[in-house]
Amino acid sequence: MKKGDHLFLIDGSGFIFRAFHALPPLTRKSDGLPVGAVSGFCNMLWKLLTDARDTSVGVTPTHLAVIFDYSAKTFRKDLYDAYKANRSAPPDELIPQFGLIREATRAFNLPCIETEGFEADDIIATYALQAEATGADVTIVSSDKDLMQLVTPNIHMYDSMKDKQIGIPDVIEKWGVSPEKMIDLQAMTGDSVDNVPGIPGVGPKTAAQLLAEYGDLDTLLDRAHEIKQEKRRQAILENADKARLSRELVRLRSDVPLVLGLDDLVLEVQNGPKLIGFLKALQFTTLTRRVAEACNCDASAIEAADVKVEWGTAAHGPDLDAVEPEPVAGGIPDVEGAAVPIPATAKPAGKGFTPAELAKARAEAFAALPFDHSTYVTIRDLATLDKWIGDARATGLVAFDTETTSLDAMQAELVGFSMAIADNDKNPTGLKTRAAYVPIGHRNGVSDLLGGGVADNQIPMRDALPRLKALLEDESVLKVAQDLKYDYLLMKRYGVETKSFDDTMLMSYVLDAGIGAHGMDSLSEKFLGHKPIAYKDIAGSGRANVTFDLVDIDRATHYAAEGADVTLRLWMVLKPRLAAAKLTAVYERLERPLLPVLARMEERGITVDRQILSRLSGELAQGAARLEDEIYTLAGEKFTIGSPKQLGDILFGKMGLAGGNKTKTGQWSTSASVLEELATAGYELPRKIVDWRQLTKLKSTYTDALPGYVHPQTRRVHTSYSLASTTTGRLSSSEPNLQNIPVRTLEGRKIRTAFISVPGHKLISADYSQIELRVLAHVAEIPQLTQAFAEGIDIHAMTASEMFGVPVDGMPTEVRRRAKAINFGIIYGISAFGLANQLSIERSEAGDYIKKYFERFPGIRDYMDSRKQMARDKGYVETIFGRRINYPEIRSSNPSVRAFNERAAINAPIQGSAADIIRRAMIKIEPALAEAGLADRVRMLLQVHDELVFEVEDADVEKAMPIIVSVMENAAMPALEMRVPLKVDARAATNWEEAH
DNA sequence: GTGGTCTCCTA
DNA sequence: GTAGGAGACCACA
């Protein structure tokens, strides 16, 4: 290198962070790999190499190197233990890009430099000073203030994002001091991001002012007693040592041992085809074209390179974005010595496992690792508890489970908790686990009049709870649980808000929806080859069953510690599988963040007016009794009307009516449709049976059952949502199911009037209009449908008009009804049989309709065929956000099983995408309301697949409604721009019936 | 008491 | 034709 040469040093790691935060709409490859920073990097490089004169640098490099941080552990860590201790793991989307930018650098034929124990900045400093000594000019491509100390007349910085060159005047303008004083300035101000202490209370302005006055840090510290301002003087005197330490932390080293000398950095001629191969692999089409033009290559003749994806690179499914993930929640904790063998950053090529390899290694290792109950311990004293919690902190990972008195998280009392820890034995498959149980509220069953006595040798709740709280709320420790929503809600009732978590049930759900169950026992048998102790074996069952607080502590330890151990091992197996299957984004954006949202909804509950229900129940009882008498008279005898068997005998045996169907077990079917037909044929009895059934159904399932769910303390009804019990991604609701409250009949709707807001409040119901048909229009790209939705036309009438040639104006309701049934049929994976049933028409006629429909909307047939094909080829289909739904039986040799799976595979992307959209809305809505100052004033209570119900203070209704509507209508964005608009209707009233 | 079947409520 | 949960009845343990 010589005078006149120009060395460019690119801060590769810095570029990634900068580009990541500066380019919000994430760019992704079609398979979901995030490549925004890589794209920016390649464009910037290309520009510097070819037409740098167009940039503010104004000169093309003769030498160039890209510098990376090697690892978090550097000599600075030895100087100051807490250095960069505040750094959390980089965002997940960013991780794969570290490896890819290294790949890109190699594709550009450029040296890629990193040295163990040093930060990129030190390497840059070393090269820059060496180059300057030869008389060459240097441009450091970075805008990091830590590098500004290097700026001289010959060494410039270049902010490639802003296309701005940074020289001495720019540093002075920005910081008020010349570059050589930047070290002293940073020593005083410190850096909260890197955890450089500095002097408290001294920011850039004060520091610059002090340096102007005293010249440098040493002089300042010597003469600090002269400072007039009392507070400032004291701060400086007290923190002189910290300032000196900080100076050593921010001072860049210029003596890094270098493998490549300056002359090794000389720019080589580009290898056009190699670069094009790489750019094509990443789908950077514009740049590919430019490079091809520049090197006279035919890009179409060059194959996309097989870009080797490193650690964690495949961690992402399709584009999911903008829902802010819970802070650090469930990320891999960046803790020294963490037991988690998945590294937080990309590893150099050739080292370690790919996610798929790790997943395989873990699966094999844990399938064979036996469970040893003798190692489980009972923790009965605080010292041991503190030791375990300390170990959890040190490893950054703990599996956790609660034991309680009830399956109902709203009523359960904490009896004890268990923990499992993986010890870091440097074994990448993380084979060593240990577990413990902490009894807190066990009773010995020796009951007096006040109930059982407290068992001996337990840590009292008042001592255990604060420690448990500290652990669960510690963001740097990842808590792993199976079905965490239960524990989350329970602990929330004890004033604990769990932060940083993973849920093995949800991980299994994302990975294997449609394949087996996701409960702990079945997962354990499936992945660990181990059948855990059954609850009923320690607590008994039936009449002999006892609550957990009465279980003997030793037996409880076996059960509870094993549960935590199983959970930890499942996590070890499932976590790398998520990355390998590119499902991390689905898990982190659609599953995990919803868990606390649902827990809050369940905790809030909804008020149900028991008087209304009781009155309705009486009315229903009267109506049913009257019908019973009439039924007995018509039948000529008394019988159990509710027994389909007896009823079938009466109708089709004794009375000998014709037109009966048989169920699959050979019984007479007495379903409503059969009875309706008989009624239409003129028989009185079936009509009355249908009416009787409606009344008794409403009475037993709703008016009589709901009051039993009113919580004794809150006086509200708290349903439980399941995140993982449907195959498509929908939620389900149980105990009670509040997703099937009647709405279709007048009688049924009355039940909704019992769901009320508390005084001074309203219920707001907001529901998506035709969301599944809109999703269909989007995924199948049907022009007529998209257009109709864009114009707000009646979609069923449009369908009817297309199919039957009837004008929309004055269309007979029967025609529209048929079109509507066909539209729904399409969503359900239509069959002539099903449509015929629905419309009570002949199979052949239904078949004609379907044929006609496909002629009119050929895109629908293509869509359906493509879903069936995908399910056959891959075994799964997916939603627009990348959720996978598996159909392991799609290739069954049984035609009806196969057809069933095909219909489900057609329906799942539609139903599941709609479910994903409302999930996104639910996750976004609380932050949106909080931003409007409505946190806690607008409370989301219920979800009914396409509807959300809120309870809102009267004064906030007008303000809340547009926010709710807007969040819901825009829920798909910015991850996805839909081809059709989403429409949401919202209403407020004091009860659910009027609000809906 | 448990589990299967039938029926019916929702989106 | 898709996806659920739940109550009543009834046979079996």
Side-chain angles (χ1 to χ4, degrees), chain A residues 513-514 536 541-545 639-648 661-675 689-690 692-702 704-706 708-709 719-722 725-745 747-749 751-752 767-773 776 821-839 843 846 849-850 864 867 885 896 899-912 914-915 918 942-947 996:
Chain A
K536 66 176 194 298
S541 65
R543 189 176 308 177
N545 118 21
F639 66 104
T640 310
I641 306 171
S643 165
K645 189 166 172 286
Q646 292 184 32
L647 177 63
N661 288 337
K662 291 285 182 80
T663 67
K664 63 181 170 210
T665 50
Q667 293 262 323
W668 288 110
S669 170
T670 64
S671 69
S673 60
V674 171
L675 298 181
I689 301 281
V690 169
W692 179 89
R693 279 196 183 153
Q694 194 204 358
L695 300 186
T696 53
K697 169 81 181 178
L698 294 176
K699 183 170 185 295
S700 65
T701 310
Y702 302 104
D704 289 355
L706 281 172
Y709 288 104
T719 182
S720 174
Y721 288 103
S722 171
S725 56
T726 71
T727 47
T728 54
R730 274 193 178 180
L731 303 179
S732 75
S733 156
S734 61
E735 294 180 86
N737 180 355
L738 295 186
Q739 291 180 322
N740 71 346
I741 303 302
V743 70
R744 288 182 187 175
T745 65
E747 278 299 300
R749 291 185 85 99
I751 292 174
R752 290 201 171 214
D767 68 310
Y768 284 104
S769 159
Q770 310 276 21
I771 188 167
E772 293 194 346
L773 277 174
L776 174 68
I822 296 168
N823 276 332
F824 275 99
I826 295 295
I827 290 171
Y828 297 152
I830 203 154
S831 75
F833 180 82
L835 184 63
N837 250 345
Q838 177 68 30
L839 287 177
R843 270 261 280 287
Y849 284 174
I850 294 169
M864 293 178 135
R867 292 315 89 182
I885 300 108
S896 72
F900 175 77
N901 276 272
E902 287 174 355
R903 289 194 298 272
I906 289 165
N907 171 259
I910 302 168
Q911 187 185 119
I918 197 166
L942 304 177
Q943 190 251 38
V944 192
H945 308 308
D946 64 0
E947 173 188 12
H996 183 72

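Naming convention: chains lettered A, B, ... in sequence-line order (proteins, then strands); numbering from 1 in each chain.
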Notebook entry, point to check: Which part of the nucleic acid, if any, lies within reach of A:Ile741 when heavy atoms closer than 4.0 Å are counted: base, sugar-phosphate only, or nothing?
Noted result: sugar-phosphate
Item checked: Side-chain N,O (A:Arg730) to OP1/OP2 (C:dT2) below 4.0 Å -> no
Margin query: Given the structure, check if the side chain of A:Lys697 and the base of B:dC9 hold any donor-acceptor pair shorter than 3.5 Å.
Written below: no
Next item on the list: Starting from P on C:dG1, measure out to CD1 on A:Ile830 and report it in whole angstrom.
Entry: 11 Å
Next item on the list: Can you tell me the distance, in whole Å, between the CG atom of A:Asn740 and the C1' atom of B:dT7?
Entry: 13 Å
Notebook entry, point to check: What nucleotide among C:dT2, B:dA11, B:dC6 has an atom nearest to a side-chain atom of A:Lys664?
Noted result: B:dC6
Next item on the list: Would you mind classifying the nucleic acid contact of A:Arg903 as base, sugar-phosphate or nothing, using non-hydrogen atoms under 4.0 angstrom?
Entry: sugar-phosphate
Notebook entry, point to check: Does A:Thr670 have a side-chain nitrogen or oxygen under 4.0 Å from the phosphate oxygens OP1 or OP2 of B:dT7?
Noted result: yes
Next item on the list: Classify the nucleic acid contact of A:Gln646 as base, sugar-phosphate or nothing, counting any heavy atom under 4.0 Å across all strands shown.
Entry: sugar-phosphate
Item checked: Phosphate OP1/OP2 of B:dT5 contacted by A:Thr663 side-chain N/O (<4.0 Å) -> no
Next item on the list: Can you figure out which of C:dG1, C:dA8, B:dC6 approaches the side chain of A:Phe833 most closely?
Entry: C:dG1
Next item on the list: May I ask you to verify if any side-chain N or O of A:Gln694 is less than 4.0 angstrom from the OP1 or OP2 atom of B:dC9?
Entry: no
Next item on the list: Could you state the atom-to-atom distance from NZ of A:Lys536 to P of B:dG1 in whole Å?
Entry: 16 Å
Note to self: Expressed as a whole number of angstroms, how long is the span from A:Arg752:CZ to B:dC9:P?
What the structure shows: 13 Å
Margin query: By the 4.0 Å heavy-atom rule, please label A:Gly642 as base, sugar-phosphate, or nothing.
Written below: sugar-phosphate
Next item on the list: Return the nearest nucleotide to the side chain of A:Tyr828; candidates are B:dT10, C:dG1, C:dC10.
Entry: C:dG1
Margin query: Does A:Ala899 reach a base, just sugar-phosphate, or nothing at all? Heavy atoms under 4.0 Å.
Written below: nothing
Notebook entry, point to check: Which nucleotide in the set C:dA3, B:dC9, C:dG1 lies at the smallest distance from any side-chain heavy atom of A:Phe900?
Noted result: C:dA3
Checklist line | Nearest-nucleotide pick for A:Ala705, side chain only, options being C:dG7, C:dG5, B:dT7 | finding: C:dG7
Checklist line | Nucleotide of B:dC8, C:dC9, C:dG4 approaching A:Ala672 most closely (side-chain heavy atoms) | finding: B:dC8
Notebook entry, point to check: So which nucleotide from C:dG1, C:dA11, C:dG4 ends up closest to the side chain of A:Thr727?
Noted result: C:dG4
Margin query: With a 4.0 Å cutoff (strictly under), does any side-chain N or O of A:Thr665 reach OP1 or OP2 of B:dC6?
Written below: yes
Check: From the list C:dA11, C:dG7, C:dA3, which nucleotide is the closest neighbour of the side chain of A:Tyr709?
Finding: C:dG7
Next item on the list: Ignoring the backbone of A:Asp946, work out which of C:dA3, B:dA11, C:dG5 is nearest its side chain.
Entry: B:dA11
Margin query: Measure CD/A:Glu747 against P/B:dC9 and give the value in whole Å, please.
Written below: 12 Å
Next item on the list: Taking only the side-chain heavy atoms of A:Arg744 (C-beta and beyond), determine which of C:dC10, B:dT10, C:dT2 contains the nearest atom.
Entry: B:dT10
Notebook entry, point to check: Reckon A:Ser831 touches a base, only the sugar-phosphate, or nothing at all at heavy-atom distances under 4.0 Å?
Noted result: base
Check: Does OP1 or OP2 of B:dA11 have a side-chain N or O of A:Ser732 closer than 4.0 Å?
Finding: no
Item checked: Phosphate OP1/OP2 of C:dA8: any A:Thr640 side-chain N/O under 4.0 Å -> no
